[in-house]
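What you are looking at is a predicted structure, and each value in this text was computed from that prediction instead of being measured. Proteins get letters first, then strands, A, B, ... in listed order; numbering begins at 1 in each.
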Amino acid sequence: MAIKTLYLGSNWEALETLKSLDRDSRFDISAIITQPDKPKGRDQKVIESEIKLYAQEHDIPVFYTRNKEERYSEALDLFKPDLIVCKSFGEIIPGDFLEAPKFKAINIHFSLLPKYRGAVPIQKAILDGETETGISIVKMVAELDAGPILAQFRESIKTDDTNETLRKRLVKRCTDVIGDTLEKWIQGQIKPEEQDDKSATYCWKADISKEKAEINWQEKSAEEIERMVRAFLPWPVAWTAFREKRLKIFKAQLVDNSTMQVNLAPGQFTSQSERLFIGTNSSDKLIQPIEVQLEGKTVMSASEFIRGQEF
RNA sequence: CGCGGGGUAGAGCAGUGGCAGCUCGUCAGGCUCAUAACCUGAAGGUCGUCGGUUCGAAUCCGACCCCCGCAA
């Protein structure tokens with residue numbers, strides 16, 4: 001007998017997880033709660049969300065709560081779920097809503113909780129130079145990402161992992177494990193383990209912003225700058241000022257300056273045999289941008305960029 | 001009508017009324033043990049599109065198309 005499941009989610013990764021549950025005969029997605037379509041992009045056009053389109057194609061009812069408490073109780077009356085599953089939803093959900101279904105509400109979070117509670121755990125883990133992160137499947141409580149842990153899956157962070165590549169791996173892994181984990185939970189084979197609140201760390205949406213993506217060549221170490229480049233993809237993209245314009249750095253590598261001995265101040269540019277280098281606050285390390293985009297221009301390789309500039 | 005930058009050779013750019021240019025790439029040849037090196041030569045353009053001004057427009061004016069940075 002399939003479990004009547006109410007799914008909460010808003011973005012691409014929420015959609016992938018939804019698909020895997022929707023295909024899984026153990027679960028019956030009775031409805032989806034998602035964010036209403038909002039104007040996006042340069043022209044502020046309203047783009048229909050992929051998750052809404054998927055729901056329409058598969059005849060799954062879509063419901064909007066719009067952060068209103070009464071809408072949550074309406075949803076319970078309407079769909080009477082036995083289980084709530086939440087991934088990347090984007091609203092603070094009332095506690096009693098989470099407790100109502102027989103099998104409660106379960107959230108999927110991309111970190112090894114209690115580390116990196118909050119909105120941007122993948123980016124923050126990369127920024128911090130972590131070598132490992134993972135997926136935590138937790139029972140939801142009123143406090144954000146603080147509920148007892150049902151299961152965790154570890155994933156190593158490679159030295160060239162970006163927010164995009166790491167996220168893709170985590171989503172893939174998530175779709176592989178979510179069905180079995182939920183089934184074990186429903187069958188009472190899992191004893192939730194409380195988080196150690198004392199070792200909790202947090203990350204906020206505001207940690208990933210255009211402001212935070214501006215490279216401060218004096219303060220940040222070369223290693224931190226290289227991690228910024230990887231963490232801020234695909235948005236907002238690490239950037240620096242270049243001749244009165246923004247230069248976004250899409251890809252870069254850290255290079256050892258001890259053999260080359262190029263003399264550059266922090267943030268100063270130079271080019272050498274088709275390669276672009278920027279000085280850091282450490283004289284023996286340089287940042288070598290590989291792919292860049294100057295304001296008003298398209299993304300191009302560093303060598304292409306050099307050809308159009310005088311150094 | 002939110003603000004702004006841009007469209008010129010395959011790529012990246014300069015050129016703001018008077019012969020269409022630069023760097024890289026491509027092709028041919030040379031030099032070299034060899035090379036992403038160096039030398040010589042060549043090909044490659046409807047200057048986004050349409051219209052206007054002018055003896056003459058990549059350049060000035062108008063309209064439109066497309067790309068991008070902000071802002072949201």
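To the nearest angstrom, P of B/C3 lies 18 Å from CZ of A/Arg246. One atom, CG of A/Leu247, and another, P of B/G5, lie 19 Å apart when rounded to the nearest Å. A/Glu304 has its CD atom 14 Å from the P atom of B/A9, to the nearest Å. Across the protein-nucleic acid pair, A/Glu214 atom CD and B/C70 atom P stand 12 Å apart, rounded to whole Å. In this structure, A/Glu274 places its CD atom 6 Å from C1' of B/C24, rounding to the nearest Å. Taking atom CD on A/Gln309 and atom P on B/G12, their separation rounds to 13 Å, with Å as the unit.
The cationic atom of A/Lys87 (NZ for Lys, CZ for Arg) lies less than 6.0 Å from the six-membered ring centre of A/Phe110 and within 45° of the ring axis.
Proximity note for A/Arg307 (side chain, C-beta onward) versus B/C13, B/U23, B/C70: the nearest is B/U23. Taking only side-chain atoms of A/Glu295, from C-beta outward, the nucleotide of B/A11, B/C24, B/G69 with the closest atom is B/G69. Checking B/C13, B/U23, B/G69 against the side-chain heavy atoms of A/Gln293 singles out B/G69 as nearest. Each of B/C24, B/G6, B/G12 was ranked by its minimum atom distance to the side chain of A/Lys297; first place goes to B/G6.
Residues A/Phe269 and A/Phe305 keep their aromatic ring centres 6.0 Å or farther apart.
The pair A/Glu164-A/Arg167 does not count as a salt bridge, with every side-chain nitrogen at least 4.0 angstrom from each carboxylate oxygen. Taking the charged nitrogens against the carboxylate oxygens, A/Asp176 and A/Lys172 do have a contact shorter than 4.0 Å, which makes a salt bridge.
Taking for each of A/Gly308 and A/Lys245 the nucleotide of RNA chain B with the nearest heavy atom, the 5'-most of the two is the partner of A/Lys245.
Nucleotide B/U16 forms a pair with no other nucleotide shown, judged by Watson-Crick or G-U wobble geometry with both contacts under 3.5 Å.
Taking the C1' atom of each, B/A57 and B/C19 are spaced 14 Å apart, rounded to whole Å.
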